[in-house]
Amino acid sequence: MIVCFIFAREEPLKVKPRKLNPFKQIYLAFKKMPKPFSHVILPFLFANMAVYQFQITFTDFMGKDYDDTSIYQDGVSFAMLCLVVNNACQLVYSFINSKTVDFLGMRWTMLAGNIILTGSLISFIWVNQKYAYYAFSGLIGISQVIFTAIPYATVSIVIPTEELVSNLGILNCFCVLGQQVSNWGMGCFVDAITSSRMSSKKIGFSAVFAALAAISSLWMLEPEPCSDTSNQTIDKSEPSTL
């Protein structure tokens, strides 16, 4: 927020904006969705389904499920250190991601990120080396930057500025949808089939979704900048206030 306050220029609102029906705008945005946007939805959805269990249950996994941890709080403390590595890798790689995209393209970068996510998550089922989770946490952090940045960048490229808000809202809906499907579906499924080391299996089985994210990445399209900024998803019959 402080950075925004310092560097973002604020434009005064001198004319009252027209009233729009948000549900109508969402419908129109879906109806006119460009192909690069629609093709990035599935990888984005599956990736969020995959990483959710790591975000929610990793500390519990290290505190309760890991064999070498005798005290729950010691395991949680170690998990927090792993999350420091996760966030540090996100921070460092975020400066490199654009260069990677320039070299590989969005589709192949997304594919690589989801493959990394798949391998890192499935390792939770069978890896017993405590300090290996530093590496897995860092790799997951890199993949998080990739599968989060590329879809939003795609929408920003192919959607006119005037329509950007509603379309970014649609993309965010698929993020939340993936998280909730993982929350209810994966959580209930693993709880039903196993009674031990549940957290590790919730994280490990989520690799299935990461693999689906990698496969669906193959159908992504490289976005082309939108040149028609006058094509707005608003009711043309309403009088202009500009």
Side-chain angles (χ1 to χ4, degrees), residues 1-52 55-56 90-91 94-95 97-98 101-102 105-107 109-110 113-114 144-185 209 212-213 216-217 219-242:
M1 291 178 63
I2 293 174
V3 172
C4 292
F5 290 151
I6 296 174
F7 294 101
R9 295 186 61 186
E10 180 180 1
E11 296 182 5
L13 185 64
K14 298 180 178 179
V15 179
K16 183 179 179 179
R18 62 171 62 94
K19 294 182 179 180
L20 300 175
N21 185 330
F23 298 103
K24 181 179 180 180
Q25 301 311 306
I26 292 174
Y27 166 76
L28 292 174
F30 264 110
K31 189 176 180 180
K32 299 172 62 176
M33 184 179 292
K35 286 186 177 181
F37 183 3
S38 61
H39 285 214
V40 83
I41 286 176
L42 277 182
F44 184 62
L45 173 69
F46 285 131
N48 279 282
M49 291 170 64
V51 82
Y52 180 80
Q55 294 173 322
I56 299 301
Q90 289 188 52
L91 176 63
S94 63
F95 292 98
N97 187 56
S98 60
V101 171
D102 290 341
M106 287 190 175
R107 177 173 61 176
T109 303
M110 191 76 162
N114 286 319
Q144 285 177 282
V145 174
I146 293 172
F147 74 70
T148 300
I150 288 179
Y152 283 98
T154 299
V155 175
S156 299
I157 291 172
V158 301
I159 298 296
T161 304
E162 296 83 358
E163 307 172 12
L164 197 55
V165 173
S166 58
N167 283 272
L168 290 176
I170 289 173
L171 185 63
N172 189 63
C173 287
F174 285 98
C175 170
V176 177
L177 177 62
Q179 293 172 347
Q180 291 308 310
V181 170
S182 177
N183 183 29
W184 294 99
F209 300 124
L212 291 174
S216 57
S217 298
W219 281 271
M220 286 177 54
L221 301 174
E222 293 294 328
E224 296 291 338
C226 177
S227 58
D228 184 12
T229 58
S230 63
N231 187 20
Q232 302 180 27
T233 56
I234 60 177
D235 191 344
K236 300 297 183 178
S237 64
E238 296 181 4
S240 175
T241 58
L242 298 180

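All values reported here derive from a predicted model rather than from experimental measurement. When a residue number appears, it is its place in the shown sequence, counting from 1.
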Rounded to the nearest 0.5 Å, how far does CD1 of Ile41 lie from CE of Met220?
11.5 Å
Spatial distance of atom CG (Leu212) from atom CE (Met49) [nearest 0.5 Å]
8.0 Å
Quick check: does any side chain N or O of Thr148 sit under 3.5 Å from a backbone N or O of Val145, one acting as donor and the other as acceptor?
no
Does Tyr52 reach the side chain of Val181, with side-chain heavy atoms less than 4.5 Å apart?
no
Got a donor-acceptor contact below 3.5 angstrom from the Asn114 side chain to the Met110 backbone?
yes
Minimum heavy-atom separation for Ser166 to Ala29, with atom names?
OG-CB, 4.1 Å
Value rounded to 0.5 Å, distance of CG in Asn97 from CE in Met106:
9.0 Å
Sub-4.5 Å side-chain heavy-atom contact between Ile150 and Phe44
no
Separation between NZ of Lys35 and CD of Glu224, rounded to the nearest 0.5 Å
13.5 Å
Taking all non-hydrogen atoms of both residues, which atom of Thr109 and which atom of Val101 are closest, and how far apart?
OG1-CA, 3.7 Å
Just verifying a value: how many Å separate Ser38 OG and Leu221 CG, rounded to the nearest 0.5 Å?
7.5 Å
Would you say Leu42 and Trp219 make side-chain contact, with heavy atoms under 4.5 Å?
no
Please report the interatomic distance OH(Tyr152) to SG(Cys175), rounded to the nearest 0.5 Å.
5.5 Å
Check: Gly178 main-chain N/O paired with Ser182 side-chain donor or acceptor under 3.5 Å
no
Looking at side-chain heavy atoms only, is the closest gap between Asn48 and Phe147 below 4.5 Å?
yes
Of Leu168, Val165, Thr154, Asn167, the one forming a side chain to side chain contact (heavy atoms under 4.5 Å, CB included) with Ile159 is Asn167
